[in-house]
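Following: one structure in structure tokens, then a few remarks.
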Amino acid sequence: MNLQKAEFVRSATKASDFPRDHLPQVAFAGRSNVGKSSVINRLLNRKNFARVGAAPGKTTHINYFLIDSAFYLVDLPGYGYAKVSRAEKERWGRLMEEWFHDTTLMTLGLMIVDARHKPTADDCTMAEFFKTSGRPFAVVANKLDKLRKSDIEPNLIRIRETLGLDSSVKLIPFSAEKGDGKQDLLNLILEHAGVGE
């Protein structure tokens, strides 16, 4: 199954903006320059559905997209980018905390990391958000196409170790550029969103 119909619903800036209509919510998080929008665009087969910012850190709200009227794709604010004010970072932090604190919201969490690099301290913090939520989550190692074949396995091991992922957490190698890993990720989303193939 491909995701056919995707529509932007709203940008949430505070807890009262979060949709609470009991539809599944699949959340995407990642550092500002990790290619999160590109991963979303690849999944939806769209060129620029989720805005790919020329400057990282463009997603400052929690953006909701309704997919096939069946579930929400939730685009969480990019983190770890230096060129935003402390006040803005704190506002993002509060918004994220409110979102994660409400355990009725997230059905599945997806954390995007860069397959080429060791996860940062910010990535580790984000992984803790997901772990303590008690909800299922997976890690997507994007930019796979930029790695030599021989580097893929060691890098995936390093990501798993750095983030402290136990064996129950899926780590999906992915290339938004080439489409590698797309079907695995799609299957995981559909399974958790309760959408049939």
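These numbers come from a predicted model, not from an experiment. No hydrogens, no waters, no symmetry mates; every other heavy atom, side chains included, goes into these values.
- Within the 4.5 Å cutoff, the side chain of Leu76 has heavy atoms near those of the Val74 side chain.
- For Asp184, the side chain to side chain contact (heavy atoms under 4.5 Å, CB included) test picks out Ile172, with sequence neighbours left out.
- For the atom pair Ile40 CD1 and Ile112 CD1, the distance stands at 7.0 Å (nearest 0.5 Å).
- Residues satisfying the side-chain hydrogen bond (donor to acceptor under 3.5 Å, both in side chains) test with Arg116, not counting sequence neighbours, are Asp114.
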Item to check | Verdict with reasoning, Lys36 to Met111, per side chain to side chain contact (heavy atoms under 4.5 Å, CB included) | outcome: CA-CA 9 Å; Lys36 177 161 54 86; Met111 181 175 160; over 6 Å; no

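- Residues Pro24 and Ala193 share a closest heavy-atom pair of CG-O, 3.4 Å.
- Considering only residues two or more places apart in sequence or on other chains, Asn155 meets the side-chain hydrogen bond (donor to acceptor under 3.5 Å, both in side chains) condition with none of them.
- With sequence neighbours left out, the salt bridge (Lys or Arg N to Asp or Glu O under 4.0 Å) criterion links Arg94 to no other residue.
- A distance of 5.5 Å separates CG of Asp180 from CG of Leu144, quoted to the nearest 0.5 Å.
- Looking at Ile189 and Leu73, their side chains never come closer than 4.5 Å, going by heavy atoms from C-beta outward.
- If you check the side chains of Asn187 and Glu191, you find no donor sitting under 3.5 Å from an acceptor.
- In this view, Lys5 and Glu7, Asp68, Ser69 satisfy the side chain to side chain contact (heavy atoms under 4.5 Å, CB included) rule, not counting sequence neighbours.
- A search for side-chain hydrogen bond (donor to acceptor under 3.5 Å, both in side chains) contacts involving Ser168 returns Asp166, not counting sequence neighbours.
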What side-chain donor-acceptor pairs closer than 3.5 Å can you find for residues 131-142, not counting sequence neighbours?
{"from": "Lys131", "atom 1": "NZ", "to": "Glu128", "atom 2": "OE2", "distance (Å)": "3.1"}
{"from": "Lys131", "atom 1": "NZ", "to": "Leu163", "atom 2": "O", "distance (Å)": "2.6"}
{"from": "Lys131", "atom 1": "NZ", "to": "Gly164", "atom 2": "O", "distance (Å)": "3.2"}
{"from": "Thr132", "atom 1": "OG1", "to": "Glu128", "atom 2": "O", "distance (Å)": "2.9"}
{"from": "Thr132", "atom 1": "OG1", "to": "Phe129", "atom 2": "O", "distance (Å)": "3.3"}
{"from": "Ser133", "atom 1": "OG", "to": "Phe130", "atom 2": "O", "distance (Å)": "2.6"}
{"from": "Ser133", "atom 1": "OG", "to": "Arg135", "atom 2": "N", "distance (Å)": "3.1"}
{"from": "Arg135", "atom 1": "NE", "to": "Met106", "atom 2": "O", "distance (Å)": "2.7"}
{"from": "Arg135", "atom 1": "NH2", "to": "Met106", "atom 2": "O", "distance (Å)": "3.4"}
{"from": "Asn142", "atom 1": "OD1", "to": "Ala176", "atom 2": "N", "distance (Å)": "3.1"}
{"from": "Asn142", "atom 1": "ND2", "to": "Val34", "atom 2": "O", "distance (Å)": "3.1"}

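- For the atom pair NZ (Lys170) and CG (Leu110), the distance works out to 11.0 Å, reported to the nearest 0.5 Å.
- One distance of note links CG of Leu185 with CG of Leu43; it measures 4.5 Å at 0.5 Å rounding.
- Under the salt bridge (Lys or Arg N to Asp or Glu O under 4.0 Å) criterion, Asp17 pairs with Lys14, sequence neighbours left out.
- Leu105 and Val9 end up in the same hydrophobic cluster when Ile, Leu, Val, Met, Phe, Trp and Tyr side chains are linked at under 4.5 Å.
- In this structure, the salt bridge (Lys or Arg N to Asp or Glu O under 4.0 Å) partners of Asp102, at least two apart in sequence or on a different chain, are Arg20.
- Under the side-chain hydrogen bond (donor to acceptor under 3.5 Å, both in side chains) criterion, Thr125 pairs with no residue at all, not counting sequence neighbours.
- Under a hydrophobic clustering in which Ile, Leu, Val, Met, Phe, Trp and Tyr are joined whenever their side-chain heavy atoms come within less than 4.5 Å, directly or via other members, Val113 and Ile157 fall into different clusters.
- For Glu177, the side chain to side chain contact (heavy atoms under 4.5 Å, CB included) partners are Asp145, Ser175, not counting sequence neighbours.
- Taking the side chain as every heavy atom from C-beta outward, Thr107 and Phe71 never approach each other to under 4.5 Å.
- Applying the salt bridge (Lys or Arg N to Asp or Glu O under 4.0 Å) test to Asp151 and every residue at least two apart in sequence or in another chain returns Arg148.
- Between Ile67 and Leu44 the shortest side-chain heavy-atom distance falls below 4.5 Å.
- Under the 4.5 Å side-chain criterion, counting only non-hydrogen atoms from C-beta, Arg31 is not in contact with Met126.
- For Lys118, the NZ atom sits in a loose shell: 12 or fewer heavy atoms of surrounding residues, nucleotides or ligands are nearer than 6.0 Å.
- With no hydrogens or angles considered, no side-chain donor-acceptor pair links Ser38 and Asn41 at under 3.5 Å.
- Atom CG in Leu95 sits 5.0 Å away from atom CZ in Phe18 (nearest 0.5 Å).
- Taking CG of Asp75 as the start and OH of Tyr64 as the end, the distance is 11.0 Å to the nearest 0.5 Å.
- For Pro19 against Arg10, the heavy-atom pair with the smallest separation is N-NH1, 3.9 Å.
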